[in-house]
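Below you'll find the structure, written out as structure tokens, and then a few comments.
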Amino acid sequence: MATPVISVRDLHKWYSGVHALKGVSLDFAANEAVGLVGDNGAGKSTLINILSGAQTATDGEISMDGKPVQIRTPRDAMNLGIETIYQYNSMVPTMSIARNLFIGREPLKFSLFGLGVMDRKKMADESVRAIADVDLHLRSPDALVGELSGGQRQGVAIARAMHFKSRVMILDEPTNHLAVKETGKVISFVSGLKTLNITGIFISHNIHHVFDCCDRIVAMARGEVVLDKRTEETTMDEVLDVL
Ligand SMILES: Nc1ncnc2c1ncn2[C@@H]1O[C@H](COP(=O)(O)OP(=O)(O)OP(=O)(O)O)[C@@H](O)[C@H]1O
């Protein structure tokens, strides 16, 4: 395989007495969507929390494009182009769609001595475009995120990742609590990521959703990778057997 976009080597995580990751090594290519499955407590969230900077590993290495990187904070992950979309995603319900799209990366009209004035017009214009690009039809960039449905919020988060040209998109249980139609949208977003050269890491308890949109399935159990196969080379039964 070409140099992976992101690799982890021999990753360990201890939470006091719990050995949650026991030497996980994985490579993720630019144009693949990888489904990460496993029972409760298998270590999936721990792995993606480490990749998204929410937690740090006790031991092991992470590299991007073959070069070692340090991910100590969510900001480090963002700067490396790793965007994480959580089940209850990382948006502020009382802020507008436009503000949420630019959270932490607000364009400034000017700045003096480290203090800046946000360019609201630029945010509004760019957010209309970003949202149209993901085929989401929302009334206005000024609408509050709190007024959107679960699927529309996922759409805004995905628009944000696309707009800032994220290289890796981690989706943690994005289809939980979504209606059938919205779930279908998320699944087609995930299958479409490869055409944009975005690596997708899709975590779900719903094995059907994972098989519907992922090119590769990685199963974890008790802190270890127990199966790693192309989707066409495995079956749901085989995956369920190893969990
Ligand atoms: N903050 C924490 N403190 C202590 N132990 C933790 C913490 N977070 C996770 N663990 C433990 O680490 C192990 C792996 O948990 P993790 O949340 O990564 O699993 P998971 O595969 O994401 O499970 P789920 O599907 O239920 O979210 C479990 O034994 C869990 O109890």
Side-chain angles (χ1 to χ4, degrees), residues 6-28 32-62 69-78 80 82-91 150-151 153-154 157-158 161 168-178 182-183 186-187 189-190 199-229 231 234 236-243:
I6 187 160
S7 301
V8 300
R9 282 289 169 277
D10 207 17
L11 221 54
H12 288 263
K13 177 68 179 179
W14 283 90
Y15 294 107
S16 46
V18 179
H19 199 180
L21 288 186
K22 300 174 184 159
V24 168
S25 296
L26 286 168
D27 292 322
F28 300 96
E32 67 176 354
V34 179
L36 189 57
V37 297
D39 260 342
N40 294 326
K44 308 178 296 296
S45 303
T46 301
L47 174 62
I48 63 116
N49 283 341
I50 291 170
L51 293 178
S52 61
Q55 289 173 349
T56 48
T58 313
D59 202 3
E61 277 175 19
I62 305 174
V69 292
Q70 301 289 337
I71 308 178
R72 295 197 182 88
T73 61
R75 165 73 59 180
D76 288 344
M78 204 191 229
L80 289 165
I82 303 171
E83 186 91 20
T84 308
I85 299 172
Y86 292 101
Q87 179 185 333
Y88 302 105
N89 59 51
S90 48
M91 279 193 278
R153 288 185 205 201
Q154 301 284 1
I158 289 166
V168 178
M169 204 186 287
I170 301 173
L171 300 102
D172 189 5
E173 300 279 358
T175 51
N176 261 14
H177 313 298
L178 292 190
E182 293 186 325
T183 297
V186 171
I187 286 173
F189 275 133
V190 176
T199 304
I201 306 178
F202 179 63
I203 294 137
S204 180
H205 278 114
N206 189 319
I207 200 157
H208 295 274
H209 294 171
V210 170
F211 268 79
D212 277 352
C213 62
C214 294
D215 308 296
R216 189 174 136 208
I217 312 286
V218 170
M220 292 183 67
R222 296 164 295 281
E224 290 176 285
V225 172
V226 292
L227 179 143
D228 182 353
K229 286 191 170 178
T231 308
T234 185
M236 290 190 207
D237 284 340
E238 184 184 27
V239 173
L240 292 171
D241 270 353
V242 296
L243 297 184

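Basis for what follows: all heavy atoms, side chains included, without hydrogens, waters or symmetry-related copies. Whatever order the structure lists them in is the order used to number ligands and atoms, beginning at 1. The first residue in the sequence is number 1, and the count goes up from there. Keep in mind that this is a model prediction, so the values were computed, not measured.
Annotation: side chain to side chain donor-acceptor pair (under 3.5 Å) contacts of Asn40 (sequence neighbours excluded): His205. Applying the side chain to side chain donor-acceptor pair (under 3.5 Å) test to Arg222 and every residue at least two apart in sequence or in another chain returns nothing. Looking at residues two or more places apart in sequence or on another chain, you find a side chain to side chain donor-acceptor pair (under 3.5 Å) between Ser7 and Asp27.
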Side chain to side chain contact (heavy atoms under 4.5 Å, CB included) between Val186 and His209, intermediate numbers included = CA-CA 10 Å; Val186 171; His209 294 171; over 6 Å; no
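A distance limit of 4.0 angstrom between heavy atoms and ligand 1 selects the residues Tyr15, Val18, Ala20, Asp39, Asn40, Gly41, Ala42, Gly43, Lys44, Ser45, Thr46, His205.
Looking at Phe28 and Val168, their side chains never come closer than 4.5 Å, going by heavy atoms from C-beta outward. Residues Leu21 and Ile50 have side chains in contact (heavy-atom distance under 4.5 Å, counting atoms from C-beta outward).
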